[in-house]
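Per chain, numbering begins at 1; letters A, B, ... match sequence-line order.
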2 protein chains.
Amino acid sequence: MLQKRIDDQPSISREMVREAQDILHRHLKRVGLKQTAQRDTILRSFLDTRDHLSTDELHRLVQKKDPSIGYTTVYRTLKLLAECGLASEVAFHDGIARYEHQYNRRSHHHMVCTQCGGSVEFFSPEVSQLEQEIGRRYHYATTRHTFQIYGVCEDCRNKNSAQPA
Amino acid sequence: MLQKRIDDQPSISREMVREAQDILHRHLKRVGLKQTAQRDTILRSFLDTRDHLSTDELHRLVQKKDPSIGYTTVYRTLKLLAECGLASEVAFHDGIARYEHQYNRRSHHHMVCTQCGGSVEFFSPEVSQLEQEIGRRYHYATTRHTFQIYGVCEDCRNKNSAQPA
DNA sequence: TTGAAAATGAAATTCATTTTCAAATAACGC
DNA sequence: GCGTTATTTGAAAATGAATTTCATTTTCAA
Ligand SMILES: [Mn+2]
Ligand SMILES: [Mn+2]
Ligand SMILES: [Zn+2]
Ligand SMILES: [Zn+2]
């Protein structure tokens, strides 16, 4: 599940964590929900990594900061984060839902190794243009698209040929 | 779940059904499995439609031809068809796996209405080129890609504005 | 025709996700 | 601060699609 860094975007700074937290708090107020310590802790854990996390994986990270926080709360908070644009779901087609934080990040696509689950992020503005173009052609009000490439990474190919069963 | 026809590809002819059946039979022999009436019936039902069917939906169609065929056999046969290239899974991101037949069809992508579930098929060779290009750049041996656009179709938008709750 | 291997279909199981519920907590006005 | 009330929480239960199990039936090569 390791993920190669192919861009030079820095990790999230203290400043940015605060700003993201503000976004969440404003969202909560807007929809009449409450600010809680759990939600803040979960957001901070989520921002800490650039990985594509399952609810379960995030729950494990969260528990390092506060072992009393339950899986259900992580699950529900992830939905809230998606609602206010801080998180987005990435479907790697491996049967479980994954999320990545979307705060201050370039939009990008993924190429996934079907053998080890590793992934590479890449940028492809052409594809976003296609969304607009096709939407216009068939009169859809488009909101998003998914583009993913599947294959086998170099490491896995080497491992395969080293030990041909 | 209706799907607009945007190309002029004809429905599958008797001739083609036979050819597809041959592909399945050869595959079965190759991997040491047996030819059965159930598998043939399921394949024929599957070729009958150009829709994107869930296992359950296909099972219902199959039952019209032979009510004794069980869900499990449909499920297993769909995997076999995917193995020999006659079917491919399309993930519309609605939580259930869908398949479409791939026999004698142009490869294409989908734009899906998030409100009614309807879809439009479109062709976009640029995207396939991107698969090659990105794969080469990051040393992946690519096998496939998914490209889907999500939005709201014209009909649904009209319905929305007609009855604003 | 026959025996071994595979296929079948109902039922059971799995497993991620979602819901339920009683107890704890946050927010608002006073 | 205090009380009120709606929301939140986390454990447990429920859900539901996908998958496996298993006893029985069927295929097919010899
Ligand atoms: Mn990513
Ligand atoms: Mn299609
Ligand atoms: Zn790999
Ligand atoms: Zn629609």
Side-chain angles (χ1 to χ4, degrees), chain A residues 1 21 24-43 45 52-84 87 89-99 117, chain B residues 1 21 24-45 52-84 87-99 117:
Chain A
M1 290 297 149
Q21 230 161 49
L24 172 60
H25 294 171
R26 276 197 294 273
H27 175 72
L28 292 173
K29 180 149 283 179
R30 194 181 327 130
V31 297
L33 300 181
K34 291 168 179 172
Q35 210 176 114
T36 68
Q38 288 94 327
R39 286 171 176 167
D40 284 350
T41 302
I42 292 165
L43 173 58
S45 297
H52 306 97
L53 298 170
S54 67
T55 307
D56 203 65
E57 285 162 354
L58 180 56
H59 180 226
R60 268 196 287 276
L61 292 182
V62 163
Q63 292 224 311
K64 289 184 191 166
K65 296 193 180 175
D66 179 349
S68 72
I69 295 180
Y71 175 92
T72 315
T73 301
V74 174
Y75 163 81
R76 286 185 281 223
T77 301
L78 232 18
K79 300 226 137 172
L80 284 174
L81 297 181
E83 272 175 34
C84 63
E89 201 180 326
V90 291
F92 279 1
H93 212 252
D94 60 350
I96 54 184
R98 299 181 170 280
Y99 292 82
Chain B
M1 290 297 148
Q21 229 161 49
L24 173 60
H25 294 171
R26 276 197 295 274
H27 174 73
L28 291 173
K29 180 149 284 182
R30 193 180 328 129
V31 297
L33 300 180
K34 290 167 180 170
Q35 212 176 114
T36 69
Q38 288 95 329
R39 285 170 176 166
D40 284 350
T41 303
I42 293 165
L43 173 57
R44 271 183 277 107
S45 298
H52 306 96
L53 298 170
S54 66
T55 308
D56 202 67
E57 286 164 355
L58 180 55
H59 180 227
R60 268 195 286 276
L61 292 182
V62 163
Q63 293 225 310
K64 289 184 191 165
K65 298 194 178 170
D66 181 349
S68 73
I69 294 180
Y71 174 92
T72 315
T73 302
V74 174
Y75 164 79
R76 286 186 280 224
T77 301
L78 232 17
K79 300 226 137 175
L80 284 174
L81 297 181
E83 271 174 34
C84 62
S88 68
E89 200 180 326
V90 290
F92 277 1
H93 211 251
D94 62 350
I96 55 184
R98 300 182 168 280
Y99 292 82

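Taking both residues in full, the closest heavy atoms of B/H59 and B/Y71 are given as NE2-N, 3.3 Å, listed atom of the first, atom of the second, then distance. Closest non-hydrogen pair, B/R98 versus B/S54, comes out as NH1-N, 3.7 Å. Here the shortest heavy-atom pairing between A/Y99 and A/T55 reads CE1-OG1, 4.5 Å. Residue A/K34 comes nearest to A/L28 through the heavy atom pair O-CD1, 3.6 Å, listed as atom of the first residue, atom of the second, then distance.
Following rounding to the nearest Å, A/R60 (CZ) and C/dA16 (C1') show an atom-to-atom distance of 13 Å. Across the protein-nucleic acid pair, A/D94 atom CG and D/dT19 atom P stand 13 Å apart, rounded to whole Å. Regarding A/Y99, its OH atom lies at a distance of 15 Å from the P atom of C/dA16, rounded to whole Å. What separates CD of B/E89 from C1' of D/dA17 is a distance of 12 Å, to the nearest Å. At whole-Å resolution of the value, NE2 in B/H25 and C1' in D/dT27 are 13 Å apart. Taking atom NZ of B/K29 as the reference point, atom P of D/dA29 lies 5 Å away to the nearest angstrom. Computed from coordinates, the B/I96 CD1 to D/dA18 P distance equals 7 Å when rounded to whole Å. Put simply, CG on B/D66 is 11 Å from P on C/dT8, counting in whole angstrom units.
If you check residues 69-81 of chain A against DNA chain C, the residues with a heavy atom closer than 4.0 Å are A/Y71, A/T72, A/Y75, A/R76, A/K79, listed by number.
Counting any heavy atom pair closer than 4.0 Å across all strands shown, A/S68 reaches sugar-phosphate atoms only and no base atom.
Taking a cutoff of 4.0 Å between a charged side-chain nitrogen and a carboxylate oxygen, B/D56 and B/R60 qualify as a salt bridge.
Each of B/Q35 and B/D56 has a nearest nucleotide on DNA chain D; the 5'-most of these lies closest to B/D56. Each of B/A37 and B/K34 was matched to the nucleotide of DNA chain C holding its nearest heavy atom; the match closer to the 5' end belongs to B/K34.
D/dA23 is paired with C/dT8 under the Watson-Crick or G-U wobble criterion, all donor-acceptor distances under 3.5 Å. D/dG3: Watson-Crick or G-U partner is C/dC28, with both key distances under 3.5 Å.
B/K65 has its side chain out of reach of B/I69: every pair of non-hydrogen atoms, C-beta onward, lies at least 4.5 Å apart. Counting heavy atoms from C-beta on, the side chains of B/T77 and B/Q38 never come closer than 4.5 Å.
Between B/R39 and D/dT27 there is no side-chain polar atom (N or O) within less than 4.0 angstrom of OP1 or OP2.
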